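First the structure, in the form of structure tokens, and then the observations on it.
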Amino acid sequence: MVTQQRRHTPGTLGERFAVLDPATGEAFEEAPEQQPDELDAVVGRAHEAWGGWRADRSARTTALLAAADAVDAAGTDIAPLLTREQGKPLAEAYAEIARTAARLRYFAELDPGPQPITDGRPVRSEIRWRPVGPVAAIVPWNFPLQLASAKFAPALAAGNTMVLKPSPFTPLATRLLGSVLSTALPEDVLTIVTGHEPLGARLASHPGIRHVTFTGSIPTGRAVAQGAAASLGRVTLELGGNDAAILLEDVDVERIADRLFWAAFRNCGQVCMAVKRVYAPARLYSDVVEALAQRARTVVVGAGLDPGTQLGPLNNVPQLARVERYTAQALADGARAVSGGHRLDRPGYFYAPTILADVPPDSPVVMEEQFGPVLPVLPYGSIDEAVEAANDTGFGLGGSVWGTDLDRAEAVADRLECGTAWINHHAELSLAQPFAGTKESGVGVAGGMWGLYGNLRPFVVHRPEEA
């Protein structure tokens, strides 16, 4: 099994590191291994560019709309590269690029505008929104472009500049996206840096950065917050989830089975807000397990560039090992693999789509975020029991309730301890809605006008009615 390696390449400047194709496990390209001491100059240029970028909102709007057009036009170049380094089916790579362009257009048109304060005093008070300064974004490997755009689109629209660091597992499509965006954006408004730690830690703690936005694991999120605290920088953290889906007694199993399956297995289960646990009423438990297992057995698994592929590989060796470890522990504790339960015998990081039954409720595959193509299904006796189990976790990103009586489903959904609850679907977000978690799933809000305000600070002007 090939792992990422760093080396000095003759004839190039500095170190470079290998980028692997998860469908083969082999290196196919290299990216620059930028050093932490390079960040002083990068952040300094971002600060210099900030003055002109923040000064003209109309010019920002024009530039961001042009950037969106450029992303759309470059889709056929970016998508295959994204699939090659991330593993997802090509159609999903194109969807990610389309979402990136759409997010640029959405935030380009948002205008917070001044807000008057009416409090009965003979003073005219007004809130005016100002950008915070250079922003750092650190992005994971599961949706490299979509999550990057969720950070740079509102930050740039608000008048900030940004230094963006993608995961070293998926740097290439982000670098190409940066080149595409540079045709529409002024120099140093968006800078992309690539490399391994401690590059990200240094970026998060850099004194010239005023806001750090991070998506990734809870331990790394804590480290990011501690680093940003040194300069009292603002942080926005999206730290993953362990979303539960509760099926009610009146659910039509066959009607919802496809939606439920793909809510768990899209992008090979590597989605922060994917369904990661299913709670089914005891009477329907066997039907639910078999409906999901039948789909797991028949889904087409393969390289993302193959036209018939529905489910690609896991992205990297550590994630494959995590999925193998959690599944093996569950099976050792008495769970049954109704489908899958093993790595596929082929090159690359492929794991058979797995449905687990009879899983101990305290198994790590239930209590932790497995982040892969493995789904535990658990029975419950009463709805109170199901809600208690769904909430019995340190995560609080999303959850869903599935049933025929929509009023009852909504009442159950209202009891979930999470940031977003869906009824009869899961993990669907509009650009206009806020996205945030509770408990250990994060700090701050992304999405919609809330995401824009997260990149602004209020500036209040008081003016008397008379001189």
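Keep in mind that what you see is a predicted model, and the values were worked out from it rather than measured.
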*Regarding Arg322 and the six-membered ring of Phe371, is the cationic atom NZ or CZ under 6.0 Å from the ring centre and inside 45° of its axis?*
no
*Ring-face cation contact, Trp262 with Arg266, 6.0 Å cut, 45° max*: no
*Compute both the distance and the angle, then confirm whether Lys151 meets the cation-pi test with Phe214: under 6.0 Å from the six-membered ring centre, within 45 degrees of the axis.*
no
_Regarding Asp40 and His206, do their side chains bring together a donor and an acceptor under 3.5 Å, going by distance alone?_
yes
*Begin from the C-alpha positions of Ser217 and Thr220 and carry the test side-chain hydrogen bond (donor to acceptor under 3.5 Å, both in side chains) through to its verdict.*
CA-CA 5 Å; Ser217 71; Thr220 306; 3.0 Å; yes
*asked:* For a ring-ring contact (aromatic ring centres under 6.0 Å, His included) check, start with the C-alpha distance between Trp129 and Phe459, then their side-chain angles and the critical distance, and finish with the verdict.
replied: CA-CA 6 Å; Trp129 295 96; Phe459 173 69; over 10 Å; no
*Step through the shown structure and confirm whether more than 12 heavy atoms of other residues, nucleotides or ligands are within 6.0 Å of CD on Glu187.*
no
*Should the pair Arg202-Asp37 be classified as a salt bridge under the 4.0 Å nitrogen-to-oxygen rule?*
no
*Give a yes or no on whether Glu410 atom CD has more than 12 heavy-atom contacts from other residues, nucleotides or ligands under 6.0 Å away.*
no
_Interatomic distance, Leu147 atom CG to Ile138 atom CD1 [nearest 0.5 angstrom]_ = 13.0 Å
*Indicate the ring-plane relationship of His425 and Trp422, choosing parallel, tilted or perpendicular according to the 30° and 60° boundaries.*
perpendicular
*Look at Arg124 together with Glu126 and state whether they make a salt bridge at an N to O cut-off of under 4.0 Å.*
no
*Do Phe107 and Trp450 have ring centroids that are under 6.0 Å from one another?*
no
*Ionic contact status for Asp111 with Arg57, cut-off 4.0 Å*: yes
*Considering non-hydrogen atoms only, spot the tightest contact between Pro376 and Lys276 and give its length.*
CD-O, 3.2 Å
